[in-house]
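Report on the following structure.
This one's a predicted model, so the numbers in the text were calculated from it and none came from an experiment. Chain letters run A, B, ... following the sequence lines, proteins first and then strands; every chain starts at 1.
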Amino acid sequence: MILVYVNSDHGIGKSAMEVVTYGKKLGDVAVVTAGNATDADLAMLGQYGASKVMVDHNAKADDAQQLTRLIANAASAVDAKIIIFSHDLIAKSVAPRLSVKLKAGLISGAIALPETNGDFTCKVNVFSGKAFGKVKVNTDVKIISLLANSIQPEITGANCAVENFDGQVGDVGIKVLETKIPEGEIPLTEAELVVSAGRGLKGPENWGMVEDLAKTLGAATACSRPVADIGWRPHHEHVGQTGFAIRPNLYIAAGISGAIQHLAGVNGSKVIVVINTDPEAPFFKAADYGVLGDAFEVLPRLNEALKKFKAAQ
Amino acid sequence: MKILVCISKAPDTTSKIAFSAGNTQFDENGVQFIVNPYDEWYALVRALELKEAGGGNVTIITVGLATDDAIIRKALAIGADDAVRIDAEATDAYYTAMQIANYAKANSFDIVLTGKETINYNGSQVAGMIAEAMEIPFVSLATKLDVSGNTATLEREVTGGVQEVQVNTPFVASCAKGMAEQRIPNMRGIMAARTKPLNVVAPAAIDSLTSFVSYETPNAKSAVKMIDPENMDELVALLHNEAKVI
Ligand SMILES: Cc1cc2nc3c(=O)[nH]c(=O)nc-3n(C[C@H](O)[C@H](O)[C@H](O)COP(=O)(O)OP(=O)(O)OC[C@H]3O[C@@H](n4cnc5c(N)ncnc54)[C@H](O)[C@@H]3O)c2cc1C
Ligand SMILES: Nc1ncnc2c1ncn2[C@@H]1O[C@H](COP(=O)(O)O)[C@@H](O)[C@H]1O
């Protein structure tokens, strides 16, 4: 059996559909989740291949120790040989704990299905996206933490059963005082389309054209490090080696030079568009489409062109 | 307050990434090694700030061979009091974490800090593994850390935002941007580092659960297609028809 952990605290996101689809390609899937999602939301995971969902409404997704106990108990209940996470912030705090608790090898940052003839190996991102590695797992039980946007969700079935599961999660070790999540924004790491800008935009007052374009596209916004450091943009928008690593389908970069540390966070993007006034900007070498021009003119023009395209659709 | 900071060696961020021995090993030729930036800038510096404010001791620990001593001295120059090197190659995150957990358990630290991830393996694994082995709480990707008595208040990244949490010591936290500002070692620090204690400890017998069998570098991108800046309709059409991303 394949056990897939899904975070359902804010409804069922695309990453949940991805991991269930991924699990289904490896075997019969049971999903385990914590928190207060509705049965109707959870049952929908059956469409992506889950045969059942086990939910513990008493466990807190914020508490890594509780979640580790829940997933370990679920794994033993269904005799799971492979446990799958989406490689998000919850996985980063829970999967390593689970690896030690079950003495199960952990593959983090997987970008493809495992190869299982002979050794069990899986391809992962290493060196901040500058290379790929093949990791072999030596243990009977394996844990895979899958990078977002590595697989397309596929509908293959119908709604499945949702059952209450007592994960015997014990006490919380971490007391949550406050959670601040800006309303209505697309979390950067989940976004399929991202519009990003750098120091070439000259000042925070000029971000309106970035936000307008993002709004037309339904994209998230990002920025280069200096822009976050000088406080033009919030830190959670900073991408790169020392910020978030993202792999959207489309990354539009305006006024960003394309330093190697910036590329480290975005080189997993499927398509990169670079807008820059300097023909020598290193970013053009990493781009699929380049626009040699002034972002102050190109961004609004692109926004108009997109609006026209959307209206015609 | 006794703080243990986990330090690892990483290739400089501008290094050319290449592989040798039939793509099974990282090619260290011409590569400059540094202290993993998250470990140095955030974990170590915040530990030093806590010590400066409230007293105590900052010990750094590395699982690695004698070739890691240079980066250990660098971390001592920034201000750590002493260092421990578990004398073994860090074969995987589990092996590394269990060695560190063994040492930490035997020497009762109040706080164990790591970086958010190593920039070569990007696993974000070691810290959580240490915490589970020690059966203590783990705060991942912390961006702020304050301690008062035996209670710590931390801010951490959560999907799309931040969260403020409280834990009691002992605990493990991995440190991300926001925690502290990079410090440049001065001459006095560099001199002092030469004589600070570096204890080399024999490893415990522990299995590795995973291993890297091979590496590859991404295919070179095909040449960029330049679009007339006056003609954004063309770009939109290409993104729709050719790239199929909108
Ligand atoms: C260890 C380390 C880690 C780092 N981590 C990160 C990281 O995580 N993320 C990150 O981004 N950086 C990181 N950096 C910094 C990185 O090296 C670069 O300094 C940074 O990415 C540059 O940001 P920028 O492109 O916005 O600014 P600049 O390098 O100043 O580039 C601005 C660009 O805008 C162009 N431009 C100017 N005017 C216009 C206009 N009107 N229209 C269009 N284009 C215009 C210019 O031609 C130029 O290419 C790191 C550095 C180090 C040493
Ligand atoms: N060999 C090592 N010795 C000591 N600490 C390490 C070692 N490898 C990793 N760490 C610590 O664990 C953190 C996370 O590493 P990783 O799980 O590889 O991303 C790093 O930022 C370091 O603080």
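Of all the listed residues (N249(A), V271(A), L250(A), D288(A)), the one sharing the greatest number of non-hydrogen pairs under 4.5 Å with chain B is D288(A). By number of non-hydrogen pairs under 4.5 angstrom with chain A, the leading residue of E242(B), K244(B), E234(B) is E242(B). Ranked by heavy-atom pairs shorter than 4.5 Å toward chain A, the options S15(B), G161(B), A176(B) are led by G161(B). For the set P218(B), G128(B), S124(B), S211(B), the count of heavy-atom pairs under 4.5 angstrom toward chain A peaks at S211(B). Here V224(B) is the residue among L238(B), D92(B), V224(B) with the most heavy-atom pairs under 4.5 Å with chain A. For the set E304(A), K310(A), K123(A), H87(A), the count of heavy-atom pairs under 4.5 angstrom toward chain B peaks at K123(A).
Side chains of Q241(A) and S128(A): a donor-acceptor N/O pair is present below 3.5 angstrom, by distance only. Between the side chains of Y42(B) and E181(B), not a single donor N or O lies within less than 3.5 Å of an accepting N or O. Judged by distance alone, the side chains of D119(A) and T121(A) never bring a donor and an acceptor atom under 3.5 Å apart.
The aromatic ring centroids of H238(A) and F244(A) lie 6.0 Å or more from each other. Separation of the F26(B) and F127(A) ring centroids falls under the 6.0 Å cut-off.
For K116(B), the part sitting under 4.5 Å from any heavy atom of chain A is the side chain, from C-beta outward, and nothing else. Looking at N23(B), neither its backbone nor its side chain comes within 4.5 Å of chain A, counting heavy atoms on both sides. When heavy atoms are compared at a cutoff of 4.5 Å, F138(B) approaches chain A by way of both its backbone and its side chain. Interface remark: I17(B) contributes side-chain atoms only to the contact with chain A (heavy atom separation under 4.5 Å). Contact annotation for V274(A): neither backbone nor side-chain heavy atoms come within less than 4.5 Å of a heavy atom of chain B. At a 4.5 Å heavy-atom cutoff, the contact between L141(B) and chain A is made by side-chain atoms alone. Looking at Q313(A), only its side chain comes within 4.5 Å of chain B, counting heavy atoms on both sides.
For K134(A) and F212(B), the positive end is not near the middle of the six-membered ring at less than 6.0 Å and at most 45° from its axis.
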